[in-house]
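Since the structure comes first, as structure tokens, the remarks are kept for the end.
Just so it is clear: chains get the letters A, B, ... in the order the sequence lines come, proteins before strands, and each one is counted from 1. Keep in mind that what you see is a predicted model, and the values were worked out from it rather than measured.
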2 protein chains.
Amino acid sequence: MSERSRPVTIADVAALAGVSRALVSIVLRGVPGASPANREKVLRAAAELDYHPDQRARLLGAARSRTLGVVHDLRRAYQGEVVEALYASVLDGAAGGDGWRLVLEPTGSRRPEAVALQALLDQRCEAVVLVGPTSAKAQLASLAARVPVVVLTRAVRGLDVDVVRTDDEAGARLATEHLLALGHTRIAHLHGGRAPGAAERRAGYGAALRRAGLAPELVAGGPTESDGESAAPRLLRPGGPTAVLAFNDACAVGLLAAARAGGAAVPRDLSIVGFDDSAAAALSAVALTTVGQDAAALAAHAVRRAVARAEDPRLPASETVVPPHLVARRTSAAPGASAG
Amino acid sequence: MSERSRPVTIADVAALAGVSRALVSIVLRGVPGASPANREKVLRAAAELDYHPDQRARLLGAARSRTLGVVHDLRRAYQGEVVEALYASVLDGAAGGDGWRLVLEPTGSRRPEAVALQALLDQRCEAVVLVGPTSAKAQLASLAARVPVVVLTRAVRGLDVDVVRTDDEAGARLATEHLLALGHTRIAHLHGGRAPGAAERRAGYGAALRRAGLAPELVAGGPTESDGESAAPRLLRPGGPTAVLAFNDACAVGLLAAARAGGAAVPRDLSIVGFDDSAAAALSAVALTTVGQDAAALAAHAVRRAVARAEDPRLPASETVVPPHLVARRTSAAPGASAG
DNA sequence: CCTCGGCCCTAGACCGTTCTAGGGCTAGAC
DNA sequence: GTCTAGCCCTAGAACGGTCTAGGGCCGAGG
């Protein structure tokens with residue numbers, strides 16, 4: 001490979017354009033203070049040299065970094081979707097995120113959240129967005145004392161931290177009403193125990209059933225596929241429910257697999273509704289009716305809050321709740337019917 | 001929220017420890033040149049102030065950044081796994097990546113690869129790792145002229161670019177031999193057309209069948225679920241194949257859904273094998289037999305090559321091929337048998 | 001006793017930007 | 001004709017680190 005040449009600096013551009021470095025900076029940042037003639041000369045010189053400012057120096061010199069730190073878990077595909085939506089929010093500036101950079105610090109099996117958070121602080125982010133954080137409250141609190149924090153898709157109470165999350169209660173109500181509308185009268189909820197959001201989903205399910213004058217049937221499940229699988233015998237009994245709202249998609253998929261393995265037809269013998277609209281739910285071999293979170297809205301609100309509190313740190317923390325929507329696929333139908 | 005205080009700088013630590021800034025730098029970087037007594041004093045002062053060096057300044061001042069840029073697609077869950085493995089490689093230093101940082105620049109629907117690449121260059125990375133890049137050859141070539149490039153999970157020929165990829169041919173051979181060992185004699189390949197890796201997989205399939213003295217049956221498929229679904233009628237005909245090797249998991253899942261919808265039992269009437277061992281394949285409701293890529297090995301080789309070529313740019317580019325492995329689940333069995 | 005080499009340590013340059021303070025010029029107001 | 005306001009532009013400091021060059025000190029060798 002040929003010797004790679006020294007990167008072009010602002011001084012090179014200034015020399016070629018015959019102006020000072022400061023003026024180049026003014027022109028390239030697009031701020032007022034340069035004559036049209038010089039603006040033209042600088043832009044031409046920058047283009048000719050293929051100049052791209054060194055981000056390290058730019059951020060060091062600037063008073064503000066306009067950088068949003070993002071922490072997400074590489075193992076959770078849905079968080080990838082949310083992060084993608086964060087980029088979209090910053091790019092189109094709809095949430096006031098115009099001109100802001102995003103810096104990703106992922107977590108994973110070998111990289112705990114604390115490491116990612118410190119890495120963000122070391123980059124002097126002006127605010128951080130945590131997607132589904134798992135840190136203890138005390139850690140979040142100490143982070144919040146240093147930088148504005150927005151927590152996404154997790155309810156956190158009693159901390160000086162912004163929260164943007166899906167309305168789990170409304171989602172569970174929506175799903176339950178969908179099953180009621182299909183004509184089900186025996187609807188069970190395979191609930192998530194103490195998992196985040198589980199209490200809200202139980203409440204939404206209960207409220208919908210109460211309003212319909214029906215008795216709730218709660219069955220202990222959990223957030224994983226095997227939770228769904230192991231609950232199958234308790235649901236697939238004669239005279240059992242004709243429809244189940246599972247805590248989440250993974251749990252629903254586990255139940256679905258166990259039902260099929262046990263010879264039950266879905267949705268004819270049992271309608272199953274999940275929660276999250278994960279990638280798994282959309283697979284043609286699964287086609288799970290589920291409750292979808294609005295990743296774009298979540299991301300837009302997160303960016304809006306993060307930017308707002310970076311601009312004005314005295315702003316109080318707030319909680320934003322985003323309504324979810326039902327995604328009807330092929331695991332729900334009228335009782336006894338074979339198609340949804 | 002209370003006023004956030006000015007971040008601690010190296011000068012604060014130096015003042016508290018009663019030494020120069022340079023000595024603090026020496027101690028905290030762990031290089032020789034400080035007496036044990038001063039070392040102790042500096043460490044104590046840094047701990048007391050909770051000092052963490054500003055990465056922007058550190059990278060700007062240092063001669064080398066020891067930073068590896070990573071580009072990946074947020075929408076592809078498997079790439080997340082690979083990136084996680086990259087972090088593991090850098091953390092345990094097994095691949096010579098000790099002391100190297102990783103910087104993520106994701107791509108997505110609103111963020112094309114070119115943007116991510118430029119962002120990495122702007123941070124003056126010493127080398128970049130591209131996970132499944134989609135850029136045109138010319139773009140990769142111009143990138144490779146500026147910085148050492150390692151391409152992961154894609155075959156790229158004729159460029160000064162390192163390639164680390166799974167041995168697709170061996171994987172397809174492995175899968176085909178698995179079906180042969182189960183007793184199948186009519187094995188079709190739902191191939192991927194011109195998709196990356198498709199040619200190699202066809203070759204491996206063909207080689208295994210030839211060695212067994214059987215005739216190959218190639219059916220046109222593709223990389224998506226709907227490719228698999230639409231191919232179903234051509235495969236589920238009377239006297240058709242008893243087993244199918246699909247181009248990838250998505251294609252296999254599509255075929256699986258269509259087969260079930262058409263009343264065929266998998267694996268009794270048709271064994272299906274995928275490729276990639278994606279998250280979808282592992283779902284209990286899918287349980288797809290498939291060919292798994294070794295993300296840890298891919299990542300380790302990528303880091304090793306990236307670091308090596310960053311250290312010595314004259315090193316020629318090379319291609320590393322990592323052997324895959326078969327993951328037997330429940331979509332493959334002997335012809336006519338109902339369990340794998 | 002003087003010199004030399006090695007170890008510690010520091011002053012100050014440097015990295016590539018942004019930003020502040022101020023200078024020169026022109027035009028309009030008085 | 002001066003004063004002033006405003007626009008352009010630049011020199012140089014600043015950001016917070018790293019790195020280079022060199023100074024002080026101490027012990028060993030001549």
Side-chain angles (χ1 to χ4, degrees), chain A residues 5-43 45-46 49-67 99-101 118-119 121-126, chain B residues 5-43 45-46 49-67 99 101 119 121-126:
Chain A
S5 50
R6 182 181 59 82
V8 177
T9 74
I10 202 172
D12 301 324
V13 178
L16 180 59
V19 299
S20 69
R21 293 173 307 145
L23 191 63
V24 175
S25 177
I26 286 171
V27 170
L28 294 181
R29 276 178 296 142
V31 301
S35 67
N38 272 333
R39 201 168 283 276
E40 168 74 7
K41 269 200 294 186
V42 167
L43 290 175
L49 296 175
D50 191 27
Y51 167 70
H52 293 273
D54 185 320
Q55 287 299 326
R56 305 167 302 181
R58 181 200 271 281
L59 294 172
L60 182 57
R64 311 251 328 246
S65 73
R66 282 180 207 284
T67 298
W100 284 70
R101 295 170 65 233
Q118 186 59 58
L121 291 175
D122 294 351
Q123 297 183 62
R124 308 296 186 253
C125 294
E126 291 194 42
Chain B
S5 51
R6 182 182 60 83
V8 178
T9 74
I10 202 171
D12 302 322
V13 178
L16 180 60
V19 298
S20 69
R21 293 176 308 143
L23 192 63
V24 174
S25 175
I26 286 171
V27 170
L28 293 181
R29 277 178 296 143
V31 301
S35 66
N38 272 333
R39 200 169 284 276
E40 167 75 8
K41 270 199 296 187
V42 167
L43 291 175
L49 297 176
D50 191 26
Y51 168 68
H52 293 272
D54 186 320
Q55 288 299 324
R56 306 166 301 181
R58 182 200 272 281
L59 293 172
L60 183 58
R64 309 252 329 245
S65 72
R66 283 183 206 283
T67 298
R101 297 170 65 231
L121 290 176
D122 294 350
Q123 298 184 60
R124 308 296 186 252
C125 295
E126 291 194 43

### Task
When you get a sec, tell me which of C:dT10, C:dT17, D:dG16 is the closest nucleotide to the side chain of B:Ala57?
D:dG16

### Task
Begin from the C-alpha positions of A:Arg101 and A:Arg66 and carry the test side chain to side chain contact (heavy atoms under 4.5 Å, CB included) through to its verdict.
CA-CA 6 Å; A:Arg101 295 170 65 233; A:Arg66 282 180 207 284; over 6 Å; no

### Query
Where the side chain of B:Ala22 is defined as all heavy atoms beyond and including C-beta, which of C:dG12, C:dT17, D:dG17 is the nearest nucleotide?
C:dG12

### Query
Reckon B:Ala62 touches a base, only the sugar-phosphate, or nothing at all at heavy-atom distances under 4.0 Å?
sugar-phosphate

#### Entry: Atom-to-atom span, CG of A:Leu28 to C1' of C:dT18 - whole angstrom
12 Å

#### Entry: Residue among B:Arg56, B:His52, B:Arg58 satisfying side-chain hydrogen bond (donor to acceptor under 3.5 Å, both in side chains) with B:Asp54
B:Arg56

### Query
Which whole-number value in Å describes the distance from B:Leu60 CG to C:dA13 P?
17 Å

### d(OH, A:Tyr51; C1', C:dT18) in whole Å
11 Å

### Query
With a 4.5 Å limit on heavy-atom distance, are the side chains of B:Arg21 and B:Val24 in contact?
no

### Task
Figure out the CG/P separation between A:Leu23 and C:dT17, and round it to whole Å.
15 Å

### Task
Taking only the side-chain nitrogens and oxygens of B:Arg64, find out if one of them lies under 4.0 Å from OP1 or OP2 of D:dT18.
no

### Message
Quick check against the 3.5 Å criterion: does A:Gln123 have a side-chain atom that pairs as donor or acceptor with the backbone of B:Gln55?
### Response
no

### Task
Scan B:Arg29 against the nucleic acid and name what it touches under 4.0 Å (heavy atoms): base, sugar-phosphate only, or nothing.
sugar-phosphate

#### Entry: Separation of D:dC15 C1' from B:Arg6 CZ (nearest whole Å)
12 Å

## Note on the structure
Closest to the side chain of B:Val19, out of C:dG16, C:dT10, D:dC9, is C:dT10

### Side chain to side chain, B:Leu43 and B:Val27, heavy atoms closer than 4.5 Å
yes

### B:Ser35 side chain near C:dC7 phosphate (N/O to OP1/OP2, under 4.0 Å)
no

### Query
Roughly, in whole Å, what's the span from CG in A:Leu49 to P in C:dG16?
15 Å

### Summary
Separation of D:dC19 atom P from B:Ile10 atom CD1, nearest Å, is 11 Å

### Query
What integer distance in Å separates A:Arg124:CZ from C:dT18:P?
19 Å

### Message
Starting the side chain at C-beta, find the nucleotide from D:dG16, C:dT18, C:dT17 nearest to A:Ser25.
### Response
C:dT18

### Query
For A:Ala11, which contact category applies under a 4.0 Å heavy-atom criterion: base, sugar-phosphate, or nothing?
nothing

## Note on the structure
Taking for B:Arg39 and for A:Pro53 the nucleotide of DNA chain C with the nearest heavy atom, the one nearer the 5' end belongs to B:Arg39

